[in-house]
Amino acid sequence: MSGTKRELNFGDREIVLIGTAHVSPESVAEVDDAIRTYRPDCAAVELDKQRLKSMEDSDSWRSLDVVRVLKSGQGFMLMANLVLSSFQKRMGAHVGVQPGDEMRAAINAARELGIAVELADRPIQITLRRAWARNSLWGKCKLLAALLSSAFDRQEVSADEIENLKNSNEMDSMMNELADYLPSVKTVLIDERDRFLASRIWQCSGRRVVAVLGAGHLPGVEAHLRELASGAESPVTSDIEVIPPAGLGTKLAGWIFPIAIIALLAAGFVTGGAAVSAQMLVRWLLWNGSLAALGALLAGGHILTVITGFVGAPIATLNPLLGIGLFTGIVQAWIKKPKVEDMETLMDDISSLRGIYHNRILRVLLVFLLSSVGGAAGNIIAVPALVSSLV
């Protein structure tokens with residue numbers, strides 16, 4: 001049994017797990033050979049419907065509606081998805097393969113041989129949204145920092161280094177680092193998906209199943225399959241297929257700044273009269289609006305976008321359901337409408353600062369991000385500034 005393959009026997013059933021490095025030429029060949037050699041009743045792949053559609057339709061980005069994405073509250077999720085996809089694409093470029101080529105090889109071989117194909121992974125949007133929802137504010141900041149770091153990482157990865165990703169010691173080290181840095185993200189991206197993948201693989205039809213998945217999932221998926229076979233674990237995964245509702249603490253956190261600001265303005269009126277309260281109001285408006293506008297400006301936003309950031313930030317603060325990034329992003333997209341070429345170069349442009357500023361879609365997302373960060377920073381600074389006005 002190799003380090004990238006597990007042959008598991010459960011009575012009259014055989015499940016073969018093939019671990020890959022996702023951007024490895026050797027993995028592509030190994031997967032194709034495994035499907036043709038084992039001739040399984042079912043081939044399971046670490047994909048969901050959305051990622052399969054993106055793989056099979058290279059023009060799918062052309063239908064992207066960035067305004068609709070922002071309105072649905074998916075701005076951060078889209079950015080994360082783009083950065084991760086771009087990172088994998090750059091890794092694969094050094095060895096002449098595209099991300100998902102080994103999954104494509106498994107599907108093509110299975111279809112050629114008339115073998116059923118099962119999409120065994122959890123939808124990517126659910127995974128990303130669960131990872132975001134489970135993080136604390138500090139965890140979200142660390143996650144954004146990690147994503148931005150990977151977006152601009154220019155370090156070349158050799159073919160040997162990519163192959164080492166399938167080595168258990170190398171993979172264990174990476175998983176431990178992820179668990180230490182972002183434990184909740186590791187739980188969602190790895191542990192939950194191990195369980196989900198195992199459940200879907202277990203439910204595949206037929207006596208022999210070949211499953212193609214990232215090498216990092218091999219130990220966890222094997223362990224869950226053994227639990228399923230013994231009856232110690234249920235194949236039901238509905239609890240990890242939903243976005244966790246915001247907890248009481250998260251809901252209250254959204255109201256902290258509006259309540260604090262209104263309370264401080266009221267205190268200013270009581271202790272110093274209308275003049276003091278008005279002075280405090282102006283200070284808050286300047287801090288909140290100016291930093292949101294600065295964020296839009298740093299993102300290269302249009303002058304009307306910058307003005308929207310200044311005027312809209314205080315309004316957005318007083319309603320936790322809104323965010324200034326929504327307003328500035330929509331205004332930027334309305335003024336500088338994305339073009340077809342922006343869709344076509346999206347994945348390449350996100351890998352460089354110049355490309356992000358050049359691409360109108362990415363510029364909208366950058367405006368959304370930086371104006372949101374600026375507005376939040378303005379509130380954080382404004383509260384102690386207002387407190388000092390009462391002293």
Side-chain angles (χ1 to χ4, degrees), residues 70 73-77 79-80 131-149 181-182 184-185 246-272 276-301 305-332 364-391:
L70 294 180
Q74 299 299 304
F76 286 112
M77 297 304 102
M79 291 184 69
W132 185 257
R134 285 177 62 96
N135 259 301
S136 63
L137 177 60
W138 176 236
K140 288 180 171 66
C141 292
K142 292 170 69 176
L143 178 57
L144 286 174
L147 288 171
L148 291 174
S149 175
Y181 184 64
L182 289 169
S184 59
V185 171
L248 180 60
T250 301
K251 293 178 180 178
L252 291 176
W255 289 99
I256 288 177
F257 283 114
I259 293 173
I261 289 167
I262 293 173
L264 287 169
L265 293 176
F269 181 81
V270 171
T271 60
V276 172
S277 183
Q279 183 184 40
M280 293 172 64
L281 176 62
V282 170
R283 293 185 70 178
W284 169 58
L285 292 174
L286 287 176
W287 274 117
N288 188 223
S290 295
L291 290 184
L294 177 61
L297 184 64
L298 291 175
T305 304
V306 176
I307 293 173
T308 299
F310 182 81
V311 175
I315 300 173
T317 295
L318 296 177
N319 188 339
L321 298 179
L322 299 175
I324 186 55
L326 172 63
F327 298 123
T328 54
I330 290 176
V331 170
Q332 180 68 23
V364 169
L365 292 175
L366 189 62
V367 164
F368 162 78
L369 175 63
L370 294 188
S371 60
S372 297
V373 171
N379 279 329
I380 292 172
I381 295 172
V383 169
L386 294 182
V387 172
S388 67
S389 298
L390 296 174
V391 178

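What you see is a predicted model; the values in this text were computed from it and never measured.
With rounding to the nearest 0.5 angstrom, the CD1 atom of Ile381 is 12.5 Å from the CG atom of Leu286. One finds the CZ atom of Phe310 at 13.5 Å from the CG atom of Leu297 (value rounded to the nearest 0.5 Å). Distance check: Thr308 OG1 to Phe327 CZ gives 9.5 Å after rounding to the nearest 0.5 Å.
Here the closest heavy-atom approach between residue Ser277 and residue Leu265 is recorded as OG-O, 3.1 Å. Considering all non-hydrogen atoms of both residues, Val367 and Ser371 come closest at O-OG, 2.6 Å. Scanning all heavy atoms of the two residues, the minimum distance from Ala292 to Gly309 falls at CB-O, 3.6 Å. Smallest separation of non-hydrogen atoms from Val364 and Gly329: CG1-O, 3.5 Å.
Under the side chain to side chain contact (heavy atoms under 4.5 Å, CB included) criterion, Leu264 pairs with Met280, Val383, Leu386, Val387, Leu390, not counting sequence neighbours. Under the rule for a side chain to side chain contact (heavy atoms under 4.5 Å, CB included), the partners of Ala385 that lie at least two apart in sequence or sit in another chain are Arg283, Trp287. Thr305 meets the side chain to side chain donor-acceptor pair (under 3.5 Å) test with Gln332; sequence neighbours excluded. Remark: Leu370 engages Leu298, Ala299, Leu366 in a side chain to side chain contact (heavy atoms under 4.5 Å, CB included) (not counting sequence neighbours). Considering only residues two or more places apart in sequence or on other chains, Ile380 meets the side chain to side chain contact (heavy atoms under 4.5 Å, CB included) condition with Phe257.
Listed by first then second residue, pairs satisfying ring-ring contact (aromatic ring centres under 6.0 Å, His included) with a partner in residues 364-388 read Phe76-Phe368, not counting sequence neighbours. Residue pairs meeting the side chain to side chain donor-acceptor pair (under 3.5 Å) criterion with at least one member in residues 290-300, sequence neighbours excluded, do not occur.
The shortest side-chain heavy-atom distance between Ile324 and Asn288 does not fall under the 4.5 Å cut-off.
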